[in-house]
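Have a look at the structure below, then the notes.
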Amino acid sequence: MLILTILAELDTEERNLVLDLWERYGEMMYAVALDVLGNREDAEDAVEETVMRIMSHLEKFRDRDDDSVKNQIVIYIRAVARNTAIDAYRRRKRRSGHEILMPEDAPEPEDDSLLPEEIVAAQELQKTVQNALSSLPRITKDAVTLFYLEGYSYEEISEILGIPVSQVKGRLFRARKKLRELLGGVR
């Protein structure tokens with residue numbers, strides 16, 4: 001990993017700041033990259049590139065502990081992660097000369113006691129839900145991801161997306177309605 005080499009060259013304060021950002025926002029960066037790229041390896045590469053891009057702007061993160069600045073940091077990191085993943089997707093697309101269909105890369109089950117047919121059923125369900133989420137408009141999908149997958153409150157999502165709380169609630173309501181239609185009787 002190139003990032004380890006670069007981290008070794010930073011002074012202790014900068015290294016600690018990068019590691020703190022990684023600990024706080026690493027999962028979010030990975031989720032954003034995986035959403036865009038559709039597979040683990042590319043998402044991991046995009047996260048590494050995201051961290052390297054953020055490292056060139058460490059001054060934005062020094063001594064920033066009040067809540068409004070934290071929300072701005074989250075917005076900034078999400079944007080960098082998303083843009084980095086989009087850039088990676090475009091590079092892949094240009095190299096191949098045609099559009100790449102992004103596979104849904106299901107994670108390995110954590111419970112080894114599942115029967116093979118239960119594992120297959122769980123993977124199919126996950127793929128079905130991912131396809132349903134993918135069909136949502138980007139603005140709605142962002143609200144769903146922040147609320148259900150990342151655990152943000154309506155107010156936090158409002159600040160992150162720069163929209164009123166009423167719009168956050170409306171987007172989530174419409175998303176639930178659309179997902180019910182798409183998923184129907186999926187169990």
Side-chain angles (χ1 to χ4, degrees), residues 1-61 64 70-112 114 119-120 122-136 138 141-152 156-157 160-161:
M1 287 175 85
L2 177 62
I3 196 160
L4 294 176
T5 306
I6 293 171
L7 274 175
E9 295 175 6
L10 296 176
D11 65 37
T12 303
E13 181 185 351
E14 289 176 329
R15 187 177 320 114
N16 289 340
L17 182 57
V18 170
L19 293 173
D20 182 53
L21 289 171
W22 176 262
E23 185 176 307
R24 287 183 188 193
Y25 306 112
E27 288 181 23
M28 176 190 66
M29 289 186 279
Y30 179 76
V32 169
L34 184 61
D35 181 48
V36 172
L37 295 166
N39 70 63
R40 291 180 190 164
E41 295 81 19
D42 290 343
E44 289 168 358
D45 291 344
V47 169
E48 185 173 307
E49 187 176 336
T50 299
V51 172
M52 289 174 31
R53 286 183 182 185
I54 290 170
M55 285 169 51
S56 65
H57 300 284
L58 286 178
E59 69 280 355
K60 293 181 181 186
F61 303 99
R64 304 290 176 105
K70 284 182 184 175
N71 288 335
Q72 291 172 357
I73 289 171
V74 170
I75 293 168
Y76 174 76
I77 291 173
R78 276 184 70 81
V80 172
R82 183 165 163 62
N83 291 339
T84 301
I86 289 170
D87 290 347
Y89 175 76
R90 288 179 179 152
R91 281 191 303 269
R92 238 181 27 194
K93 186 176 173 182
R94 266 195 311 269
R95 273 186 297 218
S96 70
H98 54 77
E99 187 167 348
I100 298 170
L101 298 175
M102 296 189 298
E104 301 299 330
D105 196 13
E108 295 297 320
E110 294 182 18
D111 184 2
D112 291 337
L114 293 176
I119 293 170
V120 170
Q123 288 173 338
E124 288 175 3
L125 176 61
Q126 182 177 18
K127 188 177 282 190
T128 301
V129 171
Q130 285 177 338
N131 288 338
L133 283 172
S134 295
S135 72
L136 295 175
R138 169 58 55 197
K141 187 176 181 181
D142 287 345
V144 168
T145 300
L146 290 169
F147 187 75
Y148 290 106
L149 302 179
E150 297 180 21
Y152 287 98
E156 291 169 326
I157 296 169
I160 290 170
L161 297 179

Quick one, K141 and V144 - any side-chain contact, counting heavy atoms below 4.5 Å?
no
Spatial distance of atom CG (L37) from atom CD (E44) [nearest 0.5 Å]
11.0 Å
Excluding sequence neighbours, so at least two apart, what forms salt bridge (Lys or Arg N to Asp or Glu O under 4.0 Å) with D20?
R24
Who are the side chain to side chain contact (heavy atoms under 4.5 Å, CB included) partners of A33, not counting sequence neighbours?
A43, A46, V47, A85
With sequence neighbours left out, write down each residue that passes ring-ring contact (aromatic ring centres under 6.0 Å, His included) with Y30, or none if nothing qualifies.
none
L34 CG to N39 CG distance, which is reported to the nearest 0.5 Å:
7.5 Å
Mind checking whether E23 and L19 have side chains closer than 4.5 Å, heavy atoms only?
no
Which heavy atom of R78 sits nearest a heavy atom of V32, and at what distance?
NH1-CG2, 3.5 Å
Please determine whether a side-chain nitrogen of the Lys or Arg among D142 and R82 lies less than 4.0 Å from a carboxylate oxygen of the Asp or Glu.
no
Apply side chain to side chain contact (heavy atoms under 4.5 Å, CB included) to M29 and T84, showing your working.
CA-CA 10 Å; M29 289 186 279; T84 301; over 6 Å; no
